[in-house]
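Written below as structure tokens is the structure these notes are about.
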Amino acid sequence: MSSRIPLPYPRKVLELFKNPKNLGRMEDANASAVAGSLACGDMIAIYLKIDEGKNIVEKASFESYGCAANIAAASIMTEMIKGKRLRDAWNISWKEITEALGGLPSVKYHCGVLAVGALRRAIRAYFKDKNLPKWLPEELTHEEKHALEEEKLMELLYRKNDSGKV
Amino acid sequence: MDMLDKGTEDLLEEHGKPRREVYLDSENSGLIFPEALDEMVKYYLELGYGHPSITHKVGWEAYEALIKVSKLLSSFIGCKPDEIHYLHSGTEANNVAILGLAKAYKGRRKILVSSIEHLSVIYPAESLRNFGFKVVKIPVDGEGFLDLDAFSSLIDSDTLLVSVGLVNHEIGTIQDVKGIVEIVKDKDEQILFHSDASDALGKLKFNLSDLGVDLATFSSHKVYGPKGAAALYIREGVKVEPILFGQLSTQRLWPGVENIPAIAGFGKAVEIMYNNFDKFHSKLKTFRDRLIDGIFENVDHVFLNGPKGEKRAPDNVNISFLYCEGEAITVELSLRGIYVSSGSACTSRILQPSHVLIAIGRKYEAAHGSILMKVAPMHSIEDVNYVLSQLPQAINRLRSISPLKP
Ligand SMILES: Cc1ncc(COP(=O)(O)O)c(C=O)c1O
């Protein structure tokens, strides 16, 4: 086994892992996005139902392939953005997610970052054929870049280790 | 906030106590045979609790305990009692073997280790790169067997040491160590051969002089003995320089006070394993195959890692579940009272897949969802059935959370 460090999760992580809130694909979503990849071992899909008149997140849900912290981070984030103005949802930080979970071991911070990355991608996608609001930066934010880098890194690793078999 | 200083009381309260518990993680450590623990208590409280180098009754009792275990161990594994050297752990034994040989033998500079060795073999070997050594990993096939053609071509006049484990800790491959030693010694008698046999002890019958290895590692807790004791077999005449130094000890390679209770418990555990060998061996194989077959019957998109049948360690079940992540499986099963480990450790931005699974050619997504279970003599058929009743539901639940669908 590879080297490990202890991962004493806060109870909230286990609580949400057992009973995730807002789990599942949303059929009537009008914005969605995925971040991460199968090969990385963590991946989050975010679905949003946005009230087009008010620019408010009516509903949010998620799916996650990843560790318990990954599932909990995505789940709590969907709770946190429900009913929020899009602009406030955009500004949720991975630190706030980590805090809402009761803290995470530092090696799991990236789970919160990936959740925010997926959310911002979804919001960006929502504005694809619309006028970009002023609060939405044209440049990719750190969290979106993180997701992109993770996906790219894995591609590189794959090429290096292309062993063909499953 | 770092959680490390907060403790886990809260977490354990949330986890709760499952209605049945089955511990399948003896790869990483586990239960001790109660008789081995009794033996330890005896050497803590009744006799031999002193230092085996001192000339008084308690010292002599301690020395006698040591000699007794060496005689016993050597009778089971086919060596002489004084070819056995005690150390604190399998990790330490592997380090002492590799670093100690590198110190003792000047001149040759190449070390060959199989690509699926335990990291306590790979890392000390690699640490020698800073001292001018060349370390080459020997490739293996899809089931973990050494690629003998590639291996032969790697052996040359600069080769000091070859290290190939007898039983792989993760995928259970039983290597033809005797045949591999012959290849080496046919080419060059002087090349030394080390085999980490930690996962073979007690679970296979073998004879060290018949295998022809020069050094071999054994770890106590891998045979349901206490943690913190190990043995390194060094064939008479082979030189290993100490890497640890200190005050008086009967053990040239282990300075300081010998852990007599742990060594006594280790001896007892080995004795139990070999005195019950046939019974345990067939029980483990039955449980192993029932688990493997049961999982294949009831769960889709799974792969067995390692070989099937007689060339697989009797206790090893290693299965990859596609569309699930390994750590999540360990947590989900834990909530159901089933304790297993995963080959992947999600402790970085990218999940680190096990080097063993990557070496046998598993793709990352198959490596990520791998679960290692080890059946043990303490298990009952009810334990195995309980696991089979829970596992499909556990995997289904995680797959239902995942955006990736088969
Ligand atoms: C093959 C092998 N070698 C070495 C070790 C390390 O032994 P220890 O835990 O006593 O350091 C282990 C332990 O899991 C092992 O499986």
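Within every chain, numbering begins at 1; the chains are lettered A, B, ... in the order of the sequence lines, protein sequences first and strands thereafter. The figures here come from the full heavy-atom set of this structure, side chains too, leaving out hydrogens, waters and symmetry mates.
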>> Counting neighbours of NZ on Lys134(A) that are heavy atoms of other residues, nucleotides or ligands and sit closer than 6.0 Å, is the number greater than 12?
In response: no
>> So, taking the atom named CD in Glu325(B) and the one named CG in Asn70(A), what distance separates them when rounded to the nearest 0.5 Å?
In response: 8.0 Å
>> Looking at Glu63(A) and Arg399(B), is there a salt bridge between them, counting it only when a charged N and a carboxylate O are closer than 4.0 Å?
In response: no
>> Check this for me: Arg25(A), atom CZ, are more than 12 non-hydrogen atoms of other residues, nucleotides or ligands nearer than 6.0 Å?
In response: no
> For the residue pair Cys67(A) and Glu327(B), what are the closest heavy atoms and their distance?
Replying inline: CB-OE2, 3.5 Å
> Checking Ile401(B) against chain A: side chain, backbone, both or neither under 4.5 Å from a heavy atom?
Replying inline: both
> Under a 4.0 Å N-O cut-off, is there an ion pair linking Lys18(A) with Glu14(B)?
Replying inline: yes
>> I need the minimum non-hydrogen distance between Tyr65(A) and Pro403(B), along with the two atoms involved.
In response: N-CD, 3.5 Å
> Has Asp28(A) got more than 12 heavy atoms of other residues, nucleotides or ligands less than 6.0 Å from its CG?
Replying inline: yes
> Would Glu9(B) and Arg11(A) pass as an ion pair if we require N to O under 4.0 Å?
Replying inline: no
>> I need the Thr8(B) OG1 to Leu14(A) CG distance, nearest 0.5 Å.
In response: 11.5 Å
> Does atom NZ of Lys128(A) have more than 12 heavy-atom neighbours, drawn from other residues, nucleotides or ligands, at distances under 6.0 Å?
Replying inline: no
> Between Pro20(A) and Arg397(B), what is the shortest heavy-atom contact and its length?
Replying inline: CD-NH1, 3.9 Å
> Does the side chain of Tyr9(A) reach to within under 4.5 Å of the side chain of Asp10(B), using non-hydrogen atoms?
Replying inline: no
> Of the backbone (N, CA, C, O) and the side chain (C-beta and beyond), which part of Leu11(B) lies under 4.5 Å from a heavy atom of chain A, both, or neither?
Replying inline: both
> Out of curiosity, His15(B) NE2 to Phe17(A) CZ, how far, rounded to the nearest 0.5 Å?
Replying inline: 10.0 Å
> Can you check side-chain contact (heavy atoms from CB on, under 4.5 Å) on Leu404(B) and Met43(A), steps first, answer last?
Replying inline: CA-CA 9 Å; Leu404(B) 301 155; Met43(A) 183 171 180; 3.7 Å; yes
> So which of Ala45(A), Ala68(A), Gly66(A) has the biggest tally of heavy-atom pairs under 4.5 Å with chain B?
Replying inline: Gly66(A)
